[in-house]
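Lettering of chains follows the sequences in order, A, B, ..., and the numbering in each one begins at 1. Small disclaimer: the values here were computed from a predicted structure and weren't measured.
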There are 2 protein chains.
Amino acid sequence: MTQLTDHPKLGRKRDPSRDGDILDAALDVLAEVGYEGMTIDMVAARAKAGKATLYRRWASKELLVIDAVACMKQLDVDPAALPDTGTLRGDLVAMIKPKAMEDGGKKLRIMAGLMSMLSRDPSLAETAHSTIMEPRAAVNRMFLQRAIDRGEIAADTDVDMIAQVGQSMAAYRTIMLRKPITPEFLLSIIDNVILPAVGLGPQK
Amino acid sequence: MTQLTDHPKLGRKRDPSRDGDILDAALDVLAEVGYEGMTIDMVAARAKAGKATLYRRWASKELLVIDAVACMKQLDVDPAALPDTGTLRGDLVAMIKPKAMEDGGKKLRIMAGLMSMLSRDPSLAETAHSTIMEPRAAVNRMFLQRAIDRGEIAADTDVDMIAQVGQSMAAYRTIMLRKPITPEFLLSIIDNVILPAVGLGPQK
DNA sequence: TATATACGGAACTTCACAGTTTCGGATATA
DNA sequence: TATATCCGAAACTGTGAAGTTCCGTATATA
């Protein structure tokens with residue numbers, strides 16, 4: 001019979017840097033095999049951590065994933081680095097960069113991996129949307145608003161709806177069709193859908 | 001040691017009507033809880049069948065689901081019943097009917113439930129897409145082509161891309177946002193995205 | 001330097017579910 | 001009416017993964 005003690009000042013300190021490593025590993029595995037395919041052993045192995053370390057920090061697989069999604073700000077675009085070319089098309093085309101496409105692709109694969117959890121946990125659906133999908137739509141809204149402000153497009157443009165078009169079609173292609181997002185595909189959305197929809201066709 | 005017999009003419013015949021009942025039950029459960037949440041017991045209970053009956057007809061849960069998706073033609077639109085109003089907007093708006101929206105919603109929920117299987121089985125991804133998503137896109141392509149033929153819209157319209165816009169945005173809303181598809185939402189896609197994109201804005 | 005806690009690793013326990021078998025009863029052929 | 005197969009129901013088996021415990025070691029306080 002041993003004495004149960006509780007001396008919070010004593011003993012080795014929990015290493016805070018392990019949290020980020022584990023959450024990153026969880027997102028990697030999530031993007032690769034999805035929530036159901038992911039096992040705690042996979043995440044632990046990827047993070048070179050013991051399973052006990054994971055359960056010391058998160059009570060369950062579900063809570064680990066929820067936390068990982070909530071903390072994935074690092075993939076967000078740097079607002080200061082956003083293009084401002086003077087034309088809507090210039091701004092949209094300037095977003096077609098390898099880095100941004102890679103990050104966007106990973107976000108969409110994470111979203112695909114979360115799919116099966118969304119119906120069980122509506123608050124996760126909300127978190128996932130605002131963390132994964134919303135930031136890029138917000139960028140599009142800004143581009144559209146600037147275009148309105150400079151008189152490039154009509155003031156009654158449905159900014160919210162148009163800003164979702166690219167996101168929706170990219171998500172559809174990645175998640176449903178399982179096809180890669182290419183620069184050609186993104187250019188085609190811009191030139192054949194978005195710009196015509198805001199009245200900026202090829203001036204025919 | 002009993003004699004193994006093989007008298008295909010003898011004995012009670014397999015009831016073919018059970019197949020459809022079981023496949024329908026599988027699609028129902030799939031739409032409600034997804035592939036991972038679905039259990040064979042749920043499907044058997046829903047179809048009022050014994051588990052042994054299911055395994056006499058399909059070797060595994062996976063094959064049952066693949067067959068269910070491949071056989072779900074009954075939700076398809078009757079090609080003869082398609083609208084032909086004389087205008088693109090008329091045709092598109094005529095598709096906003098309770099029955100079609102309900103069937104479309106169920107199809108998208110089935111697609112969401114299949115998500116976790118798609119990466120494991122690329123041929124299922126192909127089947128699911130051609131069975132679930134493609135038929136409605138084909139209808140849109142027909143509407144667009146007719147509009148081109150009658151000179152309502154430009155001949156160089158990117159029909160394939162535009163035909164996907166509605167599908168993509170509806171799928172995005174149902175699966176990612178978990179919000180219901182309303183007539184207002186569909187009208188907004190038609191009037192604020194699709195028609196402007198093909199040069200049929202509100203004649204401003 | 002004694003105590004308390006974190007670490008990675010591995011063995012262990014528990015449980016839900018896929019898949020199998022068995023049952024009594026129904027239905028088909030010969 | 002004997003045989004073979006189907007049916008739904010329920011008991012049973014096997015397995016993979018969530019979650020727990022224990023170990024030897026590392027690192028912090030007092």
J.: Could you state the interatomic distance from CG (D67(A)) to CE (M72(A)), rounded to the nearest 0.5 Å?
T.: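 So the CG of D67(A) and the CE of M72(A) are separated by 12.5 Å.
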J.: Could you tell me the separation between the CG atom of L64(A) and the P atom of dA17(D), rounded to a whole number of Å?
T.: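 One finds 17 Å between P of dA17(D) and CG of L64(A), rounded.
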J.: When you measure only distances, ignoring hydrogens and angles, does the side chain of R12(A) come within 3.5 Å of the base of dA28(D) through a donor and an acceptor?
T.: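 Absent.
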J.: Mark yes or no for a side-chain to base donor-acceptor pair under 3.5 Å between K51(A) and dG8(C), with no hydrogen or angle criteria applied.
T.: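 Such a pair does not exist between side chain and base.
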J.: Measure the distance from CD on E36(A) to C1' on dA16(C) and round it to the nearest whole Å.
T.: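 Spelled out: CD on E36(A) to C1' on dA16(C) is 13 Å.
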J.: CD/Q167(B) to CD1/I132(B) distance, rounded to the nearest 0.5 angstrom?
T.: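 So the gap between those two atoms works out to 11.0 Å.
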J.: Remember a base hit wins even if backbone is also touched, and classify M38(A) as base, sugar-phosphate or nothing at under 4.0 Å, heavy atoms.
T.: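 Sugar-phosphate contact only.
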J.: Given dG8(D), is OP1 or OP2 found less than 4.0 Å from the side-chain N or O atoms of T53(B)?
T.: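 Looking at the OP1 and OP2 atoms of dG8(D), one of them is under 4.0 Å from a side-chain N or O of T53(B).
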J.: Can you check the E62(B) CD to dG19(C) P distance for me, whole Å?
T.: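 That distance rounds to 9 Å.
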J.: To the nearest Å, how far apart are D21(B) CG and dG8(D) C1'?
T.: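 Those two atoms, CG and C1', are 14 Å apart.
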J.: If you check every side-chain atom of Y55(B), which of dA18(D), dT21(D), dG19(C) has the closest atom?
T.: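 For the Y55(B) side chain, the nearest candidate turns out to be dG19(C).
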J.: Could you tell me the separation between the NZ atom of K13(A) and the C1' atom of dA28(D), rounded to a whole number of Å?
T.: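 Atom-to-atom, K13(A) to dA28(D), this comes out as 6 Å.
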J.: Rounded to the Å, how far apart are R56(B) CZ and dA4(D) P?
T.: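 Result: 17 Å.
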J.: Taking only the side-chain heavy atoms of R14(B) (C-beta and beyond), determine which of dT22(C), dC6(D), dC22(D) contains the nearest atom.
T.: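 Of dT22(C), dC6(D), dC22(D), dC6(D) is nearest to the side chain of R14(B).
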J.: Could you say whether S60(A) or L54(B) is positioned toward the 5' end of DNA chain D, judged by the nucleotide with the nearest heavy atom to each?
T.: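 This one resolves to L54(B).
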J.: Could you state the CD1-P distance from I40(B) to dA10(D), rounded to the nearest angstrom?
T.: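 So the two atoms are 18 Å apart, to the nearest Å.
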J.: What's the CG-C1' distance between D41(A) and dC12(C), to the nearest Å?
T.: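 For the pair D41(A) CG and dC12(C) C1', the rounded distance is 13 Å.
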J.: Whether R173(A) and E184(A) form a salt bridge (side-chain N of Lys/Arg under 4.0 Å from carboxylate O of Asp/Glu) is what I want to check.
T.: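 A salt bridge is absent here (no side-chain N lies under 4.0 Å from a carboxylate O).
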J.: Quick check for you: to the nearest 0.5 Å, what is the distance between M38(B) atom CE and L64(B) atom CG?
T.: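 Separation between the atoms: 6.0 Å.
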J.: When all nucleic acid strands are considered with a 4.0 Å heavy-atom cut-off, which category describes A44(A): base, sugar-phosphate, or nothing?
T.: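 Counting heavy atoms under 4.0 Å across all strands, no contact is made by A44(A).
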J.: Once you round to the nearest 0.5 Å, how far does CZ of R18(A) lie from CZ of R56(A)?
T.: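 Here the rounded value is 11.5 Å.
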